[in-house]
Chemist: 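Below: one structure in structure tokens.
In each ligand, atom 1 is the first atom listed, and ligand 1 is the first ligand listed.
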Amino acid sequence: MQLDLAQITHQMLDGVNYGNYINGEFRAAANGKVFDVTNPATGDLLLSVPDAGASDTLAAVDAAYAALPAWMATPAATRADLLRKAAALMLERRERLATIMTLEQGKPMTESRGEIAYAASFLTWFAGEAERIYGDIVHNSAPNKRIFVLRQAVGVVALITPWNFPAAMLTRKLGPALAAGCTAICKPAEQTPLTALELGRIFQEVGFPAGVVNILAASDPLPFSDTIFADDRVRKVSFTGSTEVGKILIRNSAATVKRMSLELGGNAPFIVFDDADLSAAVTGAIASKFRNAGQTCVCANRIFVQRGIYDQFADLFAAKTSAMKVGNGLLPDTIIGPLIDLPAREKIERHVSDAKAHGADIMLGGLPYPENPSGTFWTPTVIRNASSDMLVAQEETFGPVAPLIPFDTEDEVLAQANGTPFGLASYFYTRDVSRVMRVAEKLEFGIIGANDALPSVAQAPFGGVKQSGLGREGGAVGIDEYLEVKYLSLGL
Ligand code: ADP
């Protein structure tokens, strides 16, 4: 099917004039500045959006702080009701939101549609949790005293999100923040602010009070960041992005002792044991590796395959990979879209040439994709006889490159899998139930998929150990990140 891609862009964005969403209204930047958002599949300009600076950020903090007392005092059932309405409107506008996401981020439409549903599920899940914020009454050692444990909103929170999941990373933070009674200032990534601003319209339309949700687009994160970290009224920052920036933010948080939640980089091992269901393992590895063109922090980064099935696995994996269609994400048959930008491609080139130099074989790909209007398309790549000391296994590749590393024993593969400073997601395939528990207990990762390559859902506590982060998002514990615990000791 031929689609008029330019026409789709016009339909979505002609006449749209986003502002930064501050205190319930869309505003131009105070200094009048704008910046361009481009389509990674074509390099074309999509739209210019206001470029928030320090004074816009301050206006958003003022608005969020002013809105806080009333929002905290709003009954949980009312907060939940608004969250559910926002989720419903997201689903009603799913096609529009998904198209805008594909235009600015590049992922295939099927993945964008899936992400909108996933993103909405965080609002629905935390609407339920809003109504289950309980306290405790505890016995005191003195007979004439009682202890009441209270859980209350942390206060104003700042939420900083990356470009790879423009909707879900935002709602995974905003859902629990709003459910808990916090007010929020959100800063989407400079590459993908349109989806977030479009979500701002939804929060406005369903009736969240002015100042409860604020969304700022900025070409440079520093004026925003400096302003929120210096301001004592912002009590918490939740960040998803690189470990490098996460470490800077931890240092920044010291000035006013802010609470921090951090979802940082990963280096996910994907282990296939000899006794695995081979076809399920290949399908799982493909899904985990190539989702979003390999640009997720939970993508399989190192695929370890036990020697007895290594050749069979490699052949099947390469055959399936070669059938994946690369192209513009708006085309219905596209499985692999573009990379976000040219630096992403340079990293991949570095990893592939290092693997070659160290004696690995390129079974498939290893080169930019031939039809490449923006230079951001990479041919899905399978590397045979890779090893743990290659760059491709040491760093998070963030692209459609699959290194297959052979191993012999369970102990050996566990040592290699854990031999990284990161600990976000890990996966393994086996049909041995005892091994499932044994390996799960030994993997030093916050997320473990056993015979499951796509374990993320709103009900699960997503997050990493080691240098992959602090705190959990989603699940019953996700709301705790936005609640402060206080206690009242009552003398009778
Ligand atoms: P990625 O490598 O995925 O682009 P980054 O960590 O650079 O990840 O960016 C994730 C988010 O963090 C983006 O919204 C970006 O604007 C923001 N960011 C980057 N550097 C800083 C910083 N020094 N302070 C605050 N936010 C930052």
Chemist: Could you give the N/O to N/O pairs under 3.5 Å linking ligand 1 and the protein, each with its distance?
Modeler:
unit_1: ligand 1; atom_1: 3 (O); unit_2: Trp163; atom_2: NE1; d: 3.4
unit_1: ligand 1; atom_1: 4 (O); unit_2: Trp163; atom_2: NE1; d: 3.2
unit_1: ligand 1; atom_1: 6 (O); unit_2: Ser242; atom_2: N; d: 2.9
unit_1: ligand 1; atom_1: 6 (O); unit_2: Ser242; atom_2: OG; d: 2.7
unit_1: ligand 1; atom_1: 14 (O); unit_2: Thr161; atom_2: O; d: 2.7
unit_1: ligand 1; atom_1: 14 (O); unit_2: Lys187; atom_2: NZ; d: 3.1
unit_1: ligand 1; atom_1: 16 (O); unit_2: Lys187; atom_2: NZ; d: 3.0
unit_1: ligand 1; atom_1: 16 (O); unit_2: Glu190; atom_2: OE1; d: 2.6
unit_1: ligand 1; atom_1: 24 (N); unit_2: Ser225; atom_2: OG; d: 3.1

Chemist: Sequence neighbours left out, cut at 3.5 Å: what donor-acceptor pairs do the side chains of residues 249-256 make with other protein atoms?
Modeler:
unit_1: Ser253; atom_1: OG; unit_2: Ile250; atom_2: O; d: 2.6
unit_1: Thr256; atom_1: OG1; unit_2: Phe229; atom_2: O; d: 3.2
unit_1: Thr256; atom_1: OG1; unit_2: Lys258; atom_2: NZ; d: 2.7

Chemist: Can you see whether Gln416 engages Ser388 through a side-chain donor-acceptor pair at a distance of less than 3.5 angstrom?
Modeler: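 On atom types as modelled, these side chains qualify, holding a pair under 3.5 Å.
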Chemist: Go through the structure and list residues passing side chain to side chain contact (heavy atoms under 4.5 Å, CB included) with Arg235, not counting sequence neighbours.
Modeler: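 With neighbours one apart ignored, the set is Val154, Asp232.
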Chemist: Can you say whether the rings of Phe270 and Tyr429 are parallel (under 30°), tilted (30 to 60°) or perpendicular (over 60°)?
Modeler: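 Rings of Phe270 and Tyr429: parallel, as their planes differ by under 30°.
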Chemist: Which atom pairs, donor and acceptor, lie under 3.5 Å between side-chain atoms of residues 46-53 and protein residues at least two apart or in another chain?
Modeler:
unit_1: Ser48; atom_1: OG; unit_2: Asp36; atom_2: OD1; d: 2.7
unit_1: Asp51; atom_1: OD1; unit_2: Ser219; atom_2: N; d: 2.8
unit_1: Asp51; atom_1: OD1; unit_2: Ser219; atom_2: OG; d: 3.3
unit_1: Asp51; atom_1: OD2; unit_2: Ser219; atom_2: OG; d: 2.7

Chemist: Tell me, please, whether Phe422 has Lys466 positioned over its six-membered ring: NZ or CZ under 6.0 Å from the ring centre and within 45 degrees of its axis?
Modeler: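 No, Lys466 does not lie over the aromatic ring of Phe422.
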